[in-house]
Amino acid sequence: MSRNDEKGITLLGSKNTQYKSDYAPELLETFENKHKENDYFVKFNCPEFTSLCPITGQPDFAKIYISYVPDERMVESKSLKLYLFSFRNHGDFHEDCINIIMKDLIKLMDPRYIEVWGKFTPRGGISIDPYCNYGKKGTKWEEVAWKRLAYHDLSPEDIDNR
């Protein structure tokens with residue numbers, strides 16, 4: 001995975017975008033957080049995520065929400081889009097996809113805090129909404145992670161079959 005500065009970002013602005021057909025964490029790129037002194041959230045809403053069921057090969061569709069508090073590095077959004085697209089032909093369970101995304105982003109940018117929530121459309125009459133998070137060990141964000149995990153779904157939304 002690239003830990004690029006702004007001059008090393010290779011995907012943003014490229015007119016020769018390649019869409020990988022299977023899981024490709026090497027696509028992720030970063031840039032410097034210019035506001036390291038501030039704690040603030042960055043949220044990505046990804047309403048068109050797709051992956052494959054590892055057993056049946058049928059497509060799964062989800063809205064993915066990624067929220068993080070950056071430290072030194074931030075994920076570049078086009079590289080994130082291409083990375084998420086790379087799951088299109090990747091076979092993994094919903095819970096695995098969400099945890100893989102979180103772990104790849106932690107490895108990439110070492111954020112203060114991150115959470116990833118997948119809201120998958122129903123198949124067989126059941127929707128699955130895995131949620132995972134992480135707070136940097138030894139910081140206040142470690143406690144925030146525990147509290148958000150423990151209380152994240154106290155007021156579940158009405159299900160509308162998405």
Side-chain angles (χ1 to χ4, degrees), residues 1-6 8-12 19-20 22-52 54 60-121 127-157 159 162:
M1 289 185 228
S2 303
R3 286 191 162 252
N4 299 324
D5 61 15
E6 285 79 326
I9 290 177
T10 62
L11 299 172
L12 184 61
Y19 289 88
K20 299 279 186 170
D22 200 6
Y23 173 66
E26 68 276 4
L27 291 171
L28 289 167
E29 296 182 340
T30 66
F31 61 94
E32 178 186 357
N33 176 9
K34 294 180 181 174
H35 305 280
K36 297 178 209 54
E37 70 281 2
N38 296 345
D39 285 336
Y40 62 98
F41 270 96
V42 176
K43 184 172 186 178
F44 292 101
N45 301 305
C46 315
E48 298 175 343
F49 180 83
T50 61
S51 62
L52 298 177
D60 291 315
F61 302 92
K63 294 177 183 177
I64 304 290
Y65 302 94
I66 301 167
S67 297
Y68 74 99
V69 177
D71 198 358
E72 299 289 323
R73 308 296 299 171
M74 300 177 71
V75 67
E76 192 280 313
S77 61
K78 183 174 182 181
S79 75
L80 179 64
K81 175 184 81 167
L82 294 172
Y83 163 75
L84 292 173
F85 183 87
S86 79
F87 280 83
R88 185 172 181 83
N89 293 316
H90 179 74
D92 247 329
F93 291 113
H94 303 341
E95 300 85 351
D96 295 325
C97 290
I98 298 309
N99 276 280
I100 288 166
I101 291 166
M102 183 184 74
K103 289 176 180 178
D104 284 346
L105 291 171
I106 291 169
K107 183 177 179 184
L108 176 75
M109 60 181 171
D110 191 27
R112 295 174 189 170
Y113 174 82
I114 188 168
E115 60 188 32
V116 181
W117 198 341
K119 297 189 176 197
F120 286 80
T121 56
S127 63
I128 301 173
D129 296 349
Y131 170 90
C132 59
N133 73 8
Y134 161 85
K136 192 176 277 191
K137 304 292 183 224
T139 72
K140 64 185 175 186
W141 295 103
E142 185 176 20
E143 184 178 341
V144 168
W146 166 245
K147 286 181 180 176
R148 285 180 74 98
L149 181 65
Y151 301 111
H152 89 280
D153 207 12
L154 288 181
S155 300
E157 79 276 14
I159 302 299
R162 297 183 173 90

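- Residues that satisfy the side-chain hydrogen bond (donor to acceptor under 3.5 Å, both in side chains) test with His90, not counting sequence neighbours, are Asp22, Asp92.
- The main-chain N or O of Met109 is never found under 3.5 Å from a side-chain atom of Tyr68 such that the two would form a donor-acceptor pair.
- Among all heavy-atom pairs drawn from Phe41 and Ser67, the shortest one is CD2-CB, 3.9 Å.
- Side-chain rings of Tyr23 and Phe87 approach one another, their centers coming within less than 6.0 Å.
- For the pair Cys46 and Leu84, the tightest heavy-atom approach, listed with the atom from each and the gap, is SG-CD1, 3.5 Å.
- The aromatic rings of Tyr40 and His35 sit perpendicular, their planes meeting at an angle over 60°, well past the 30° parallel limit.
- With contacts defined as side-chain heavy-atom distances shorter than 4.5 Å, the pair Glu29/Phe31 does not qualify.
- Using a 4.5 Å cut-off on side-chain heavy atoms (C-beta onward), Pro111 and Leu105 make no contact.
- Partners of Phe93 under the side chain to side chain contact (heavy atoms under 4.5 Å, CB included) rule, at least two apart in sequence or in another chain, are Pro54, Ile55, Glu95, Asp96.
- Counting heavy atoms from C-beta outward, Val75 and Phe44 have side chains that approach closer than 4.5 Å.
- How far CG of Asp39 is from CD of Glu37: 10.0 Å, rounded to the nearest 0.5 Å.
- Listed here is the closest heavy atom pair of Ile98 and Val116: CG2-O, 3.4 Å.
- Under the rule for a ring pair (Phe, Tyr, Trp, His ring centres under 6.0 Å), Tyr134 has no partner lying at least two apart in sequence or in another chain.
- Between the CE atom of Met102 and the CD1 atom of Ile114 there is a distance of 7.5 Å, given to the nearest 0.5 Å.
- Closest approach of Asn45 and Lys43 over heavy atoms only: OD1-CE, 3.4 Å.
- Of the possible donor and acceptor atoms, none in the side chain of Glu32 sits under 3.5 Å from a partner among the backbone N and O of Lys34.
- Nearest approach of Ala24 to Ser86, heavy atoms of both residues: N-OG, 2.9 Å.
- By the side-chain hydrogen bond (donor to acceptor under 3.5 Å, both in side chains) test, Glu143 is found to be paired with Lys147, residues two or more places apart in sequence or in another chain being considered.
- Across all non-hydrogen atoms, the minimal contact from Asp60 to Phe120 is CB-CD2, 4.2 Å.
- Atom-to-atom distance recorded for Leu28:CG and Lys107:NZ is 10.5 Å, nearest 0.5 angstrom.
- Contact annotation: the side chain of Tyr83 never approaches that of Leu108 to less than 4.5 Å [non-hydrogen atoms, C-beta and beyond].
- The 12-atom threshold is not exceeded at CD of Glu48, counting heavy atoms of other residues, nucleotides or ligands nearer than 6.0 Å.
- To the nearest 0.5 Å, atom CD1 of residue Ile64 and atom OG of residue Ser51 are 8.0 Å apart.
- Expressed to the nearest 0.5 Å, how far NE2 of His94 lies from NZ of Lys119 amounts to 14.0 Å.
- For Asn133, the side-chain hydrogen bond (donor to acceptor under 3.5 Å, both in side chains) partners are Tyr113, Tyr131, not counting sequence neighbours.
- Taken from CD in Glu26 to CG in Asp104, the straight-line distance is 10.0 Å, to the nearest 0.5 Å.
- A 4.5 Å side-chain heavy-atom check between Ile66 and Leu80 finds at least one atom pair inside the cut-off.
- Every residue two or more places apart in sequence or in another chain that forms a side-chain hydrogen bond (donor to acceptor under 3.5 Å, both in side chains) with Asp71 is listed here: Arg112, Lys136.
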